[in-house]
Structures are given as structure tokens and as C-alpha cells.
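Taking it in order: structure first as C-alpha cells, then the write-up.
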2 protein chains.
Amino acid sequence: MTAAMREANAGEGLTERQGAVLEQALRLLVDGGEKALTTAGIARAANCSKESLYKWFGDRDGLISAMIGFQASKVRTQDVAAKALDAESLERHLIVFAKDLLEVLAGDVSLALNRLAIGQASRDGSKLGHMLQERGRRQIGRRAAALLEAGRKAGLLTFDDADEAYGALYGLIVSDWHLKMLLGEEAGEMKKGFGRKAEQAVAAFLTLYGTKR
Amino acid sequence: MTAAMREANAGEGLTERQGAVLEQALRLLVDGGEKALTTAGIARAANCSKESLYKWFGDRDGLISAMIGFQASKVRTQDVAAKALDAESLERHLIVFAKDLLEVLAGDVSLALNRLAIGQASRDGSKLGHMLQERGRRQIGRRAAALLEAGRKAGLLTFDDADEAYGALYGLIVSDWHLKMLLGEEAGEMKKGFGRKAEQAVAAFLTLYGTKR
DNA sequence: CCCGATCAGTACCGTACGGTACGGTTCGCA
DNA sequence: TGCGAACCGTACCGTACGGTACTGATCGGG
């Protein structure tokens with residue numbers, strides 16, 4: 001087994017070296033926005049040659065796609081074990097989910113990648129947008145769906161359309177915070193309100209879809 | 001009175017000619033994204049010279065700011081006359097508000113300007129983001145706030161924190177649709193669901209904050 | 001000990017954009 | 001009629017980026 005073959009690890013077909021390069025690229029993107037994400041800049045920051053970048057990723061778009069895939073592969077969410085739920089534990093799980101969701105959306109890398117994909121939505125036929133949606137959102141969406149389904153099976157929640165219920169939960173949690181952060185609102189101060197916000201949102205959601213009362 | 005002096009009209013310090021130029025610039029932005037928003041392209045589309053663009057707007061950023069201000073000045077929302085509200089008319093007003101909000105957010109120009117501001121959020125210290133927030137969002141926010149306040153005064157709604165109530169209303173209406181559209185999801189098919197979505201959101205909101213039952 | 005592959009570093013090319021300068025034209029005004 | 005301001009169209013300049021080509025160094029395998 002050669003060294004070249006023992007490197008496949010990141011869930012994609014990526015070398016360790018390539019992963020490190022993508023890491024530097026993400027760093028550049030977070031710090032300086034899309035303008036800073038230049039091939040020469042990445043090569044300089046990652047101590048590699050432009051030629052290698054093009055050999056590995058094809059072109060700039062391929063590199064960006066690889067960045068999204070790489071980041072998504074790092075934040076796989078583990079599903080909660082579907083153990084017995086009572087009203088209190090369901091609420092606790094929902095609050096944890098809400099906090100996690102807000103934390104993820106407020107993360108540096110998430111914001112930077114979303115900004116990048118949104119900025120390119122007009123030119124590339126929303127290829128990056130679909131990718132981000134598929135590999136990022138779907139994960140956390142499935143976690144929520146599992147939670148909601150478990151709640152319904154336990155007789156704690158009642159809804160016909162799971163997507164509708166999830167939409168309400170998402171909206172109550174996030175409201176317009178995500179957009180405000182994407183537009184540049186300082187996320188630092190907002191993070192302190194996440195806990196309270198999560199609890200309020202879950203309380204409202206349970207009022208709408210809970211069977212308790 | 002010279003012709004040059006009768007032109008101040010658009011609520012800004014803008015000439016008719018300058019307004020027409022900004023119109024063309026918005027058209028370019030909507031059709032081709034930020035990449036298509038080039039000084040040469042605007043000059044060509046508007047039949048004016050680049051020199052005039054720089055004379056009127058300073059530089060590219062100034063032109064973009066002027067575009068935002070110009071668009072905002074066109075979509076001033078008229079407040080509903082604060083007449084007597086009963087439960088049914090409040091619900092009707094809320095549903096109209098919800099539909100309007102969804103229509104505005106799904107509009108070509110709104111999406112394009114939001115994409116532009118988000119794409120530049122990293123480089124310009126979110127100057128455009130604040131401008132968009134201030135001149136666009138605040139308007140519709142005030143309309144909602146007035147509606148909620150009227151509902152409370154009429155004894156139809158109950159809430160302590162108006163911002164919290166508005167956040168819930170906004171989240172229930174918009175959920176993650178805005179982000180999906182910003183990422184490039186085809187808005188055409190979604191618009192058909194706006195009516196139902198608006199009614200559901202308002203029903204949920206009234207369940208949370210209404211005094212009816 | 002040598003061969004071939006890989007890769008860093010750099011130089012290079014074409015292009016496109018932001019911004020400026022200039023010649024020619026229109027038009028209001030005295 | 002003549003002057004001056006505004007302005008269009010275009011040419012021009014510097015720069016920066018995406019992508020390619022070349023050179024030399026490192027390293028694993030035979």
C-alpha cells in the first residue's frame with residue numbers, strides 16, 4: 001500500500017493535502033469574502049502551486065464545490081437515539097435542536113459559504129445553491145424530521161403535514177436572523193440571545209403542535 | 001425655472017435621466033447578476049457615457065447605493081387606515097400583509113439587490129446591508145407593527161414584546177423560503193403556494209397571540 | 001544509484017474590469 | 001449668431017484575475 005493510497009479519508013475522494021488546501025481556502029473565504037478567494041491567494045496560503053489546484057479541482061468552480069462538500073463532510077450531525085420520549089424530554093431535545101440550528105447558521109464558515117453561493121446564484125444556475133441545500137440543510141432537516149416523527153409516535157405532537165410543521169418550527173426559531181447575519185449584522189452580540197430565543201420558539205411550537213393541553 | 005431644476009422628483013436628489021439610468025442598471029442586475037453590473041454595460045444599456053456615470057455617482061459603490069435608494073423610493077408602502085378592527089378584519093389584514101410580504105421578498109429586484117448586498121457584506125463592512133435593511137425592511141416592519149398594535153388596542157391580540165410577536169409572525173410567514181429563493185430555487189412555482197402559506201401562517205400566529213379562544 | 005512521478009514556485013498570457021481623458025455634438029442662453 | 005455647459009461615444013491605461021507552461025527540487029521504487 002503506497003502512501004498515495006492511504007490518504008482517502010474525508011468522505012470524499014480527497015487527499016489529506018487536498019483537505020488542508022481546502023481548509024486554507026475556507027479560511028481565506030471567511031476572512032476576506034469571495035474577493036479574497038483567488039487561485040493565487042489560495043496557492044500562497046496553502047503553500048501549493050496553482051497548477052496543482054487546477055490538477056486537483058479542475059477550475060475555480062470545481063474548487064468551490066469541493067470546499068462546500070468538504071465543509072459539509074465535517075459537520076455530519078449524529079441522530080439522537082430514538083429512545084422513549086416524554087413531554088419534558090421532547091421539549092429538551094427541541095431546545096437543543098433549536099440552539100444547534102442557530103449556532104450552525106451563525107457560524108463563520110456557514111455564513112461565508114452561503115454568501116458565496118447566493119452571490120453566484122445568478123451566474124451558475126444555482127448549482128452551488130442546490131449543493132449547499134442538499135448537503136447542508138438536508139442533514140439538519142432530517143434530524144428535525146426524526147425528532148418530530150418520534151414526538152408524534154409518542155402522542156406528544158399532532159400534525160398532518162410534517163413539512164409544514166418543520167417549516168413552522170424553523171421559522172419560529174430563525175425568523176429573520178439568518179438574513180440579517182448574511183447581510184453583515186454583527187453576529188457576536190446576537191449569539192447571547194440564542195438560548196432565550198430557542199426556548200421561546202420551542203414553547204410557541206409546542207403551543208401550536210403539542211397535545212399537552 | 002430651468003429644465004435642469006424641474007427634474008428633482010424621485011425622493012432623492014436625482015434627475016429623471018439619472019433615474020432612467022438606475023432603472024437600466026437594475027434591469028441588468030436582475031437579468032445577469034452582479035457580474036453583469038459593469039460600468040461599460042450600464043453605459044451601453046442606458047445610452048450614456050461612463051464619464052457621466054462617474055460624474056453622477058462617484059464610483060461603482062456610489063452607483064450601487066443609488067440603485068438601492070432608488071428602488072426603495074419606488075416601493076413606499078402605504079399604511080392601512082387605522083379603522084375599527086374586528087377579529088375577521090384583523091385576520092384579513094394579516095393575510096394581505098403576509099401575501100404582500102411574500103410577494104415583495106420573491107420579487108426580481110428585491111432578490112437581486114439582496115444577493116448583491118449579501119455578496120458584498122464581507123468587503124464593504126455591510127454598508128449596503130444596513131442600507132437595504134433600513135430602507136426596505138423597516139418600511140414593511142412598521143406596517144406590521146402598526147397592524148399588531150391596532151390588534152392589541154382592539155383587544156384581539158395579546159403580547160408583551162411587539163418585536164417578539166413580529167418575529168414570530170415573520171418567521172411563520174417566511175420560514176426558509178427567502179433563503180431558498182436567494183440560493184436560486186425557482187420562484188415561479190413557489191408563488192402559487194403563497195396564498196395558502198399566508199393563511200396557514202396567520203392562523204398559526206392567531207393561535208399563538210390571538211385572544212379569540 | 002538512478003528513474004519517473006509529483007509538486008512548489010514563478011513567469012507568462014489573454015481578458016475583462018474600474019476609472020480617466022478626449023473629440024464631437026447638442027442645446028440652452030445671451 | 002456665438003459661447004459654454006453638459007454629455008455621448010470611444011479610445012485608453014493600469015491592474016488583477018483565471019488559467020497554462022516551464023523549471024527545479026523532493027522522494028519513493030527498482
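We use all heavy atoms of the structure for the numbers below, so side chains are in, but hydrogens, waters and symmetry mates are not. What you see is a predicted model; the values in this text were computed from it and never measured. Chain letters run A, B, ... following the sequence lines, proteins first and then strands; every chain starts at 1.
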What is the distance from [atom1] of [X] to [atom2] of [N], rounded to the nearest Å?
| X | N | atom1 | atom2 | value |
| --- | --- | --- | --- | --- |
| A:D59 | C:dG14 | CG | P | 21 Å |
| B:K50 | D:dC12 | NZ | C1' | 10 Å |
| A:K55 | C:dA5 | NZ | C1' | 8 Å |
| B:I64 | C:dC17 | CD1 | C1' | 13 Å |
| A:F57 | D:dG18 | CZ | C1' | 16 Å |
| A:D61 | D:dG19 | CG | P | 8 Å |
| A:E51 | C:dA11 | CD | P | 15 Å |
| B:R17 | C:dT26 | CZ | C1' | 13 Å |

Exceeds 12 heavy-atom contacts within 6.0 angstrom, atom CZ of A:R27: no

A:K35 atom NZ: more than 12 heavy-atom contacts under 6.0 Å: no

Near DNA chain C, which residues from residues 111-125 of chain B have a heavy atom under 4.0 Å away? none

Are A:D31 and A:D108 close enough that some pair of their side-chain heavy atoms sits under 4.5 Å apart? no

Check whether any side-chain heavy atom of A:V30 lies under 4.5 Å from a side-chain heavy atom of A:L111, and answer yes or no. no

Quick check for you: among [options], whose closest atom lies nearest to any side-chain atom of [X]?
| X | options | result |
| --- | --- | --- |
| A:T39 | C:dT20, D:dG19, D:dG18 | D:dG18 |
| B:W56 | C:dT20, D:dC7, D:dG19 | D:dC7 |
| B:S52 | C:dG19, D:dC8, C:dC7 | D:dC8 |

Is the centre of the B:W177 ring less than 6.0 Å from the centre of the A:Y170 ring? no

For the pair B:D176 (side chain) and B:L179 (backbone), establish whether a donor and an acceptor sit closer than 3.5 Å, ignoring hydrogens and angles. no

Keeping B:S52 on the side-chain end and B:C48 on the backbone end, is there a donor-acceptor pair under 3.5 Å? no

